[in-house]
Amino acid sequence: MSRLLKDLNKDQLEAVTTTEGPLLVVAGAGSGKTRVLTRRLAYILYERLAQPHQLLAVTFTNKAASEMKERVNSLLGGEIPSLSVSTFHSFCARFLRREGGVLGYDTNYTIFDESDSETLAKNCIKELNLAGSQFSPRAQLRKISTAKNKLVGAEDYAKRASGYFEKTTAQIYSLYQERLRRCNAMDFDDLLFNSVLLLGSDAEIGDRYRERFKYILVDEYQDTNHVQYLLLKSLLGRHNNICVVGDEDQSIYGWRGADIRNILEFEKDFPGARIIKLEQNYRSTPIILDAASGVIRNNEARKAKKLWTDREGGDKLQLLLVDSADEEAVAVVDFIQREQDSCGLKEIAVLYRTNAQSRPFEEHLRRENIPYQIVGGIAFYQRKEIKDLLAYLKLIVNVKDDISFQRIINYPKRGIGTRSLDNILSLAHSRGISGYELLLKIDDYPELSAKTRRIKPFIELIEKYRQEKESVPIDLLAQDLVEDVRFLEELRREDEIVAQTKIENIEAFIEGMAEYAEHNGEASLENYLADISLFTDIDTYSEIEDKLTMMTLHSAKGLEFDTVFIVGLEEGLFPLARAISEPMELEEERRLFYVGATRAKRKLYLASATSRYRFGEVESIPSRFIKEIPEALLERHERRTQRRFDHESGTYQTTGFFPAGRTRAPKATGVHYDYEDSELMRVGRIVQHPTFGRGKITSVEGYGESLTLEIVFTGVGKKKIMVKYARLKIVG
DNA sequence: CCGAGCCTTGTTTTT
DNA sequence: CAAGGCTCGG
């Protein structure tokens, strides 16, 4: 007991022990929020105020959820099995898997990710003969999502729609929902939407859950949207014990429907609510805090609050002013090398506004042999080869999933082109069944061509695995499937060079399945697919390895590092161009900066370039956020010269100095060029290859490690060569 | 039906 | 600048 309340300041202690009634904990950045959350859960359990299954804790990411569970376990000295800590989405997914039958969904429903949704939306738009018009799938999905986040269903939307555009969107929305249902699938928003619907419409189910959850705990409350708010309301029963934790200054998901009013109006929404503010910061130096609050101060939509620390001193913010994105990377990597000795790489992070900015950093880090990990970007499960394999698995689990069906019916090629596919699908849909269900009874449909009938082996294959899935462990099933489909052979056939990486990905994927099977009692294919569809890259991020971390500012929420680099601080990029004219969006960008800055414990670097390629060369000016930082807190470093590549000597000429007198030694003029010198590998160059001899570069693709050249070798012909593997010498 | 190559288009963050 | 769509030739 004393251990649970030890080392807490007065406010933290109060937040931990105020268990009854609605409670809002306003937790400033670095104020010990995680500690309060975990102690509070442990305290409730230790004091036997509730059984583990009567607690519901909701976090923002799966990673945060499992960390919280772990910490509670260790505070109480043992594994608490039925403690429910999860994200909103995974809570809802599980809830609907159990209870969703009431809404007419099968328990094996599929969760569509964004690209599945987009394919479906595209199909719908085509079906309504709106293809190629101003109704792009993405924009329409955006609108549909916004509506769902406000609990506006397709029918309600149609009722309210006025004018051609809204009415057309209403049509698309309604068809999209119809198709989802026919696929026995839900998109991300449906998980929340349907849960709220079900809790509201079915009194028995609603009461059962309201009775069950004696204590509800919500983290990152500032980033909840209206549907999430309604979900909490419909889960909160007579116990009335809800504790939400958040900080309006860190609300950065407005574009996803997050409603900052949820936190600002908590007292109104939950009468009798108490408010506890955690304002002492234990993370950052006062200089970093002053800089962060200098910026956030410019926002109107916030409650004034004073984050303070009793720490002293600290280094000024280091502002790196450079000429280009490439120079930015050089400068940042240079400083990383200095900092890594004092804190280690795993305590350093490079944060950027958009994923696309990672590229130059990757190149230069590789060049300097600095290990790094990127969080986000193209998520593992979004890779084409993984999505293809997943589509097989999804179809095996849910034969109504036309989107997966569509994806794999002709992959690998089975002679079913768009024509045949259209025939199958439109016939199926006229019969009210899915494409695959139709094929199961293909003999009943003489109108299908003989060509289409060649699909039978595919049906037999899927049927075989549908039989097996109950008895065969998931990883073995996937392994068999990959062999049956001749998946790896197909990858090699497509492109021998790229195949290697893809095959490794497939192997890693199957390994992941094996691991999942090992750690989960009921490792059914259904559960596995449901779990990974809600998994994101940040969930697999681990601080254990000694690597530098790079990610977007959004992904960095909730994390902390000794040294942080915020890069790309330019008008148009951060803040983004479209936010500049929208006061609300601009404030969100500013909060995003605030989140980024307050990740740093000891040292904060900012970088800004005067020109950056963003579809064509664009001059850019330093971000307004830099000007909002008190000048006295900044130390400037300028690097105003371009490194130029000298074609005569084959070296870089660096006339500038950065920082203060240190020159990057130009690379020696060499005979052997390793793959890092991507600039040297240009079309027209003559190269020497150990086995193919001399050849001329005819095209260049990729960069860094995936830099691939097309070379025409004398007497050998055209070859695609991955520079990483080939020891190429430039000879002319 | 399939593949290559040209053209257009869109361009942020993520459960 | 990149990816996806579309057209054309096989």
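Proteins get letters first, then strands, A, B, ... in listed order; numbering begins at 1 in each.
- Scanning residues 84-96 of chain A for heavy-atom distances under 4.0 Å to DNA chain B yields A:T87, A:H89.
- Between the base of B:dT12 and the side chain of A:W255 there is no donor-acceptor pair shorter than 3.5 Å.
- For the salt bridge (charged side-chain N to carboxylate O under 4.0 Å, His left out) test, residues two or more places apart in sequence or in another chain that qualify with A:K33 are A:D219, A:E220.
- At a threshold of 4.0 angstrom between heavy atoms, the contacts of A:E588 with the nucleic acid are absent.
- A perpendicular orientation is assigned to the rings of A:Y209 and A:F95, their planes being inclined by more than 60° (bins at 30° and 60°).
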| task | Could you walk me through whether A:E588 and A:R591 pass salt bridge (charged side-chain N to carboxylate O under 4.0 Å, His left out), step by step? | result | CA-CA 5 Å; A:E588 183 151 309; A:R591 290 192 292 269; 3.4 Å; yes
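- Across all strands shown, A:D189 has no heavy atoms under 4.0 Å from either base or sugar-phosphate atoms.
- Nearest to the side-chain atoms of A:T354 among the listed nucleotides B:dT13, C:dA2, B:dT14 stands B:dT13.
- More than 12 heavy atoms of other residues, nucleotides or ligands shown are found within 6.0 angstrom of NZ on A:K387.
- Within 4.0 Å of A:R138, counting heavy atoms only, lie sugar-phosphate atoms of the nucleic acid but no base atom.
- For A:N299 and A:Y594, the side-chain atoms include no donor-acceptor pair closer than 3.5 Å.
- Cation-pi check for A:K143 over A:F165 is not met; the charged atom does not lie both under 6.0 angstrom from the ring centroid and within 45 degrees of its normal.
- The aromatic rings of A:W255 and A:Y253 lie tilted to each other, with the angle between the two planes from 30° to 60°.
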Check nucleotides 3-7 of chain C for protein N or O atoms closer than 3.5 Å to its own N or O atoms and list the pairs.
from  : atom 1 : to     : atom 2 : distance (Å)
C:dG5 : OP1    : A:K122 : NZ     : 3.0

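- Closest to the side chain of A:Y253, from the set B:dT14, B:dT12, C:dA2, is B:dT14.
- Checked by distance alone, A:R256 brings no side-chain donor or acceptor within 3.5 Å of a matching partner on the base of B:dT13.
- Classified by interplanar angle (parallel below 30°, tilted 30° to 60°, perpendicular above 60°), the ring pair A:Y528/A:Y516 is perpendicular.
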